[in-house]
Amino acid sequence: MLESFKQKVGQMSKGLKEEVARLRNRDFLEACVAGCALVANADGVVDPEEKRKMLGFMQTSDVLSLYDTNDVIALFNKYNGNFEFDFGIGQAQALKAIAPLSKKPADARLLVRVCCVIGGADGNFDEHERAAVRRICQELALDPEEFGV
């Protein structure tokens, strides 16, 4: 009976740790998805490969794999919908989500790297996508040269 109680407490503890990790990393998730939506929309065409690359990163990331794929897709659709309504509004909303990472340089750099991968996911990291990554760098006070854009 004591062993069963210990197992239940252990399971609850693990669940609580995962929930805390999700809450702590929500800003990074929002910023990452918003950045991916910004870059994906930069050339006017959201390519399915860009979406697959984004989901692939989310599923393999130690930080973001805690999130349900459906939640990530819904979040991407939210940001993508802003772009479909109006590019300027979409960009403003995406940059608003990205801005908090300016206080976390390691997370900010990872976000830019992910966005570069998304930009090249369709086989063509074009000038519009590079400009979007440069705009993200500007928002995060990072040097675009560090990322080759």
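This one's a predicted model, so the numbers in the text were calculated from it and none came from an experiment.
Considering only residues two or more places apart in sequence or on other chains, Ser65 meets the side-chain contact (heavy atoms from CB on, under 4.5 Å) condition with none of them. Taking the salt bridge (charged side-chain N to carboxylate O under 4.0 Å, His left out) definition, one finds that Glu146 meets it with Arg109, sequence neighbours left out. Every side-chain contact (heavy atoms from CB on, under 4.5 Å) that Asp126 has, sequence neighbours left out, goes to Asp43, Asn124, His128, Glu129.
Cys115 is not listed as a side-chain neighbour of Leu38, based on a closest heavy-atom distance of 4.5 Å or more. Glu139 places a side-chain heavy atom less than 4.5 Å from the side chain of Arg135. Cys36 places a side-chain heavy atom less than 4.5 Å from the side chain of Val114.
In this structure, Val117 is not a member of the same hydrophobic cluster as Val46, with clusters built from ILVMFWY side-chain heavy atoms closer than 4.5 Å. When the side chains of ILVMFWY residues are joined at heavy-atom separations under 4.5 Å, either directly or via intervening members, Phe87 and Val133 end up in a single hydrophobic cluster.
Going from atom CG of Leu142 over to atom CG of Leu111 covers 9.0 Å, rounded to the nearest 0.5 Å. Atom-to-atom distance recorded for Asp68:CG and Leu75:CG is 12.0 Å, nearest 0.5 angstrom. Note that the SG atom of Cys32 and the CG atom of Leu110 stand 7.0 Å from one another [nearest 0.5 Å].
Panel note: side chain Ser61, backbone Met58; no donor-acceptor pair is recorded below 3.5 Å. With hydrogens and angles ignored, the 3.5 Å screen pairs no side-chain donor or acceptor of Asp71 with any backbone N or O of Tyr67. Without hydrogens or angle criteria, Glu50 side chain to Asp47 main chain gives a donor-acceptor distance under 3.5 Å. Between the side chain of Tyr79 and the main chain of Gly35, no donor-acceptor pair closer than 3.5 Å is present.
Between Arg52 and Glu49 there is a salt bridge, since a side-chain N of the basic residue sits under 4.0 Å from a carboxylate O of the acidic one. With respect to Glu127 and Arg134, a salt bridge is recorded, a charged nitrogen being found less than 4.0 Å from a carboxylate O.
Minimum heavy-atom separation, Ala37 to Asn80: CB-N, 4.3 Å. Residue Ala31 comes nearest to Ala97 through the heavy atom pair CB-O, 3.5 Å, listed as atom of the first residue, atom of the second, then distance.
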* Taking it one step at a time, do Cys137 and Asp143 satisfy side chain to side chain contact (heavy atoms under 4.5 Å, CB included)? -> CA-CA 6 Å; Cys137 287; Asp143 182 2; over 6 Å; no
In sequence, state the C-alpha distance, the side-chain angles, and the governing distance for Asn82 and Gln91, and then conclude on side chain to side chain contact (heavy atoms under 4.5 Å, CB included).
CA-CA 8 Å; Asn82 290 334; Gln91 182 177 14; over 6 Å; no
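The side-chain tip of Arg113 does not point at the ring of Phe147 from less than 6.0 angstrom away and within 45° of straight on.
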